[in-house]
Amino acid sequence: RYSLLEQLMKFKNTTNIRGKKSQRYSIIIPSAGMGKRMRSYGPKSLIKIAPDKNIVENQIEIINNNFTNHEIILVCGFEADKLMNNTPKNIIKIENENYENTNVVRSIGLGLRAATSDNVLVIYGDLVFNQETIKNLKPEASSLVVDSSSTMKDDEVGCNISNHYVEQMLPDIENKWAQIAFLIGDELEMFKKICWSRDKSHYFGFEAMNEIIEKGGKFKSLSPQGMKITDVDSSKDLTTARKIL
């Protein structure tokens, strides 16, 4: 038999161990953009990539399969009601009502206002990816996922990488950013300031990352083994997306 004190200490230690294993994550999916080339399809997140599955359903399914202690924050804009009404009730839904005059940084900023964790994973809302992409994506440092499958398009933003860290992000170079970012610590705090600054609401995501790097922030480059990923910007991309499933 254990004394009451011993039982309390045992419970405390078990709780700490479990807490470490089930660290909480806030997963933000910015999906407010109109996507002019795909406008006739409605919100890109609702585009069907299989007879019984759309983009956001695929994302949520994979997220739930790989994270046990998390919240999903979906930021809507274009046809927001349609997107909100056709996604699970157990996720957080926020509307960027000024989506036509702002960019993705503003949407992410709204998601950050609702986030309850200091471990933030950003996954763009038009991405189609497989299980391996985020299967073990629980890093201990701020990181950017870099496409290792060569399925991201040539005109996407690439990463200059040195000693496993991203030094700069630029269009039209190799090692494409997969539009997935994990932020903690100093990088998260700098990211919040950028996203919450009204005069930077026009920023693309890579512009925010570059500003963080210029101010001394660091992002590890991650290329998960077996990763397959693409973003859907046009109807032609759907063929590539469906091959990933």
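Note that the structure is predicted; figures quoted are calculated from it, not measured. Start at 1 with the first residue, then count along the sequence.
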Colleague: With a 6.0 Å cut-off on ring centres, are Tyr124 and Trp177 close enough?
Modeller: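 Yes, the ring centres sit under 6.0 Å apart.
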Colleague: Within the structure provided, determine whether Phe129 and Ile123 are in side-chain contact (heavy-atom separation under 4.5 Å).
Modeller: yes
Colleague: Output all residues satisfying side chain to side chain contact (heavy atoms under 4.5 Å, CB included) with Ile173, sequence neighbours left out; order by chain, then residue number.
Modeller: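 Applying side chain to side chain contact (heavy atoms under 4.5 Å, CB included) to Ile173 gives Asn160, Leu170.
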Colleague: Under the ring pair (Phe, Tyr, Trp, His ring centres under 6.0 Å) test, which residues partner Phe67, sequence neighbours left out?
Modeller: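 Testing Phe67 for ring pair (Phe, Tyr, Trp, His ring centres under 6.0 Å), a comparison that skips the adjacent residues, returns Tyr25.
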Colleague: We want to know whether Thr133 and Asn130 form a side-chain donor-acceptor pair, criterion being a heavy-atom distance below 3.5 angstrom.
Modeller: yes
Colleague: For residues 113-136, which residue pairs qualify under salt bridge (Lys or Arg N to Asp or Glu O under 4.0 Å), counting only residues two or more places apart or in two chains?
Modeller: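 Passing the test, one end in residues 113-136: Lys44-Asp126.
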Colleague: Under the criterion side chain to side chain contact (heavy atoms under 4.5 Å, CB included), I'd like the reasoning laid out for Leu137 against Phe182: C-alpha separation, chi angles, the key distance, then a yes or no.
Modeller: CA-CA 9 Å; Leu137 194 62; Phe182 180 77; 5.6 Å; no
Colleague: Taking Glu61 first and then Lys53, would you say they form a salt bridge - that is, a charged N and a carboxylate O separated by under 4.0 Å?
Modeller: yes
Colleague: May I ask you to say whether Lys176 pairs ionically with Asp154, meaning some side-chain N is under 4.0 Å from a carboxylate O?
Modeller: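 No.
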Colleague: Within the structure provided, determine whether Pro30 and Val122 are in side-chain contact (heavy-atom separation under 4.5 Å).
Modeller: yes
Colleague: Mind checking what makes salt bridge (Lys or Arg N to Asp or Glu O under 4.0 Å) contact with Lys228, not counting sequence neighbours?
Modeller: none
Colleague: To the nearest 0.5 angstrom, please state how far the CD1 atom of Ile229 sits from the CD1 atom of Ile134.
Modeller: 9.5 Å
Colleague: Taking everything shown except Glu167 itself, do over 12 heavy atoms lie less than 6.0 Å from its CD?
Modeller: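 Buried by this count: over 12 neighbours within 6.0 Å.
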Colleague: Apply side chain to side chain contact (heavy atoms under 4.5 Å, CB included) to residues Leu74 and Thr87 and explain how you reach the verdict.
Modeller: CA-CA 9 Å; Leu74 178 66; Thr87 44; 3.9 Å; yes
Colleague: Hey, are Thr102 and Asn96 close enough side-chain-wise for a donor-acceptor pair under 3.5 Å?
Modeller: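 Yes.
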Colleague: Restricting to pairs with a member in residues 212-224, which pass side-chain hydrogen bond (donor to acceptor under 3.5 Å, both in side chains), not counting sequence neighbours?
Modeller: Glu211-Lys215
Colleague: Can you name the residues that form a salt bridge (Lys or Arg N to Asp or Glu O under 4.0 Å) with Lys48, not counting sequence neighbours?
Modeller: none
Colleague: For the pair Met227 and Val145, evaluate side chain to side chain contact (heavy atoms under 4.5 Å, CB included) and give the outcome as yes or no after the intermediate values.
Modeller: CA-CA 10 Å; Met227 174 178 72; Val145 175; 3.5 Å; yes
Colleague: Quick one about His70 and Asn64 (side-chain donor to acceptor, distance below 3.5 Å, no hydrogens or angles considered), yes or no?
Modeller: yes
